[in-house]
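These notes are about the structure you will find just below.
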Amino acid sequence: MKFSVTFLFLFATAPFIVKAENNDPPRKKKRGSYLIELPASLNTSTDSARNITLFQSSELPFKPSIQVGAIVHMFASGEQTGFGAPSNEKTAKDWNKGFSVYRARVLVGGQLTKKASFFMETEIPSPIGVQSNGEKNVKVAPIILDAQLEYTFNSAFQLIAGMQLVSNNRNGLQGAAGLMANDFTFFQYPYNLFANSPLQGNFGRDLGINARGFLANDKLEYRLGVFTGRNVDGGAPLRTVGRVAYNFLDAEKDYYYAGTKLGNGKTLAWAAGVDAQANYYNLSTDVFFDHPLGNAGSITLNAAYQYMTGGTQTDSKYSFATLIPKQTVQFLELGYYFKKSKLQPWIRYENQDVSADAAQTGAVKPANFDKLKSSTVMGGGLNYFFNGTGTNLRLSYTARTYNVATAIPDDYTKKTFGQVWLQAQFFIF
């Protein structure tokens with residue numbers, strides 16, 4: 001039966017694909033996207049995918065093309081031993097120091113036909129160098145991070161299939177090369193990061209198919225996809241993720257969003273999204289503002305709010321009740337880019353406020369469970385974009401605050417642990 005449904009779907013869509021491939025391409029040249037890591041608004045290289053022709057001149061036969069690139073994040077760091085997970089030990093505030101390669105990706109993108117393109121990306125699954133536990137990791141085998149195929153029927157309807165970044169809010173759909181802060185939010189991927197995470201993700205990625213398009217003069221963007229999500233026996237319901245965004249100023253058509261635009265363009269975008277599977281759901285809203293402010297430079301503001309829960313149903317093998325407690329997440333980033341000096345100071349605030357139901361906490365009292373699972377992140381830094389997003393330096397300090405149990409029953413105290421990064425980025429594609 002499954003093969004019959006698949007055959008009917010392929011049979012029904014084949015005429016549309018053939019028709020799209022046979023359409024005469026417009027004479028005006030348009031840049032290729034290749035689902036590139038860096039948004040076009042930040043890509044200033046004359047040898048990059050920004051200037052590669054997606055639709056070639058009608059007088060010339062189509063020729064497939066391919067492009068290879070890389071992104072690397074490396075840093076010198078100091079991190080208190082309780083930063084990753086709080087501890088009651090007296091030595092919990094000792095500092096681990098060292099050097100690490102945090103990201104090391106190889107990117108490959110290509111134009112297969114007039115309408116079809118692909119993107120692949122590798123990654124190291126753990127940093128090379130000193131880990132948060134103080135141990136040194138010297139050898140890491142790379143993994144496939146992204147492997148996706150995009151078919152563009154027209155501006156209003158595109159399909160992206162394969163392993164891809166999945167999120168219902170903006171920060172989760174940003175490219176690593178275009179971040180403003182030193183990294184993604186701490187609470188963006190807590191349930192979609194690894195194979196043993198509740199949603200069984202791969203660094204925020206999942207396998208599935210995603211529809212995307214632009215309406216209302218490209219001001220309104222929609223994304224709606226179905227993905228594997230958590231699958232314990234092959235029979236679990238699919239994960240559904242949707243997002244609608246409206247751009248009040250410049251249109252944004254990049255697959256990966258920018259975290260800051262360094263004064264390029266004027267953006268005011270508001271969006272809402274949903275992420276759901278079985279009895280788990282995540283509702284979110286976010287706003288992004290990037291605009292020149294004064295003669296010195298431009299301001300960037302990125303804010304989001306999420307409400308999520310795994311529900312209270314515990315009699316199903318597909319239940320998320322004990323995996324994802326009820327909670328809200330607040331997120332804010334604010335920065336200012338000085339175009340003359342190429343410096344950008346920024347600050348960040350994140351808060352995870354857990355308010356679990358009794359069915360989600362097991363043997364732990366809900367009040368104690370909430371305190372143990374809730375935490376706050378505050379930080380700030382200074383970026384130096386001496387070569388834009390191609391090559392730059394980022395100095396940051398981040399503090400995480402936890403509720404830590406004391407020797408007295410049901411009593412907790414707040415502890416804060418720090419992390420310092422001096423990070424270098426190079427990116428080319």
For this session: Show your working on side chain to side chain contact (heavy atoms under 4.5 Å, CB included) between Met308 and Tyr191 and close with a plain yes or no.
Result: CA-CA 11 Å; Met308 70 185 84; Tyr191 306 111; 3.6 Å; yes
Check whether [X] reaches the backbone of [Y] with its side chain - one donor and one acceptor, N or O, closer than 3.5 Å.
X: Asn182; Y: Gln423; value: no
X: Lys253; Y: Ala251; value: no
X: Gln164; Y: Arg205; value: no
X: Ser316; Y: Tyr318; value: yes

To the nearest 0.5 Å, tell me how far [X] [atom1] sits from [Y] [atom2].
X: Tyr257; Y: Gln174; atom1: OH; atom2: CD; result: 10.0 Å
X: Leu332; Y: Leu301; atom1: CG; atom2: CG; result: 5.5 Å
X: Glu150; Y: Phe118; atom1: CD; atom2: CZ; result: 12.5 Å

Under 3.5 Å, which donor-acceptor pairs link side chains of residues 290-299 to any protein atom two or more places apart or in another chain?
residue : atom : partner : partner atom : Å
Asp290  : OD2  : Lys261  : N            : 3.1
Asp290  : OD2  : Thr300  : OG1          : 2.5
Ser298  : OG   : Gly263  : N            : 3.2

Exercise. Taking the six-membered ring for Trp, is the centroid-to-centroid distance between Tyr307 and Tyr305 below 6.0 Å?
Worked result: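 For Tyr307 and Tyr305, the ring centres are not under 6.0 Å apart.
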[X] bridged to [Y] by N-O distance under 4.0 Å:
X: Asp183; Y: Arg103; result: yes
X: Arg243; Y: Asp286; result: yes
X: Arg170; Y: Glu252; result: yes

Exercise. Going by atom types alone, do Thr228 and Gln200 pair a side-chain donor with an acceptor below 3.5 Å?
Worked result: no
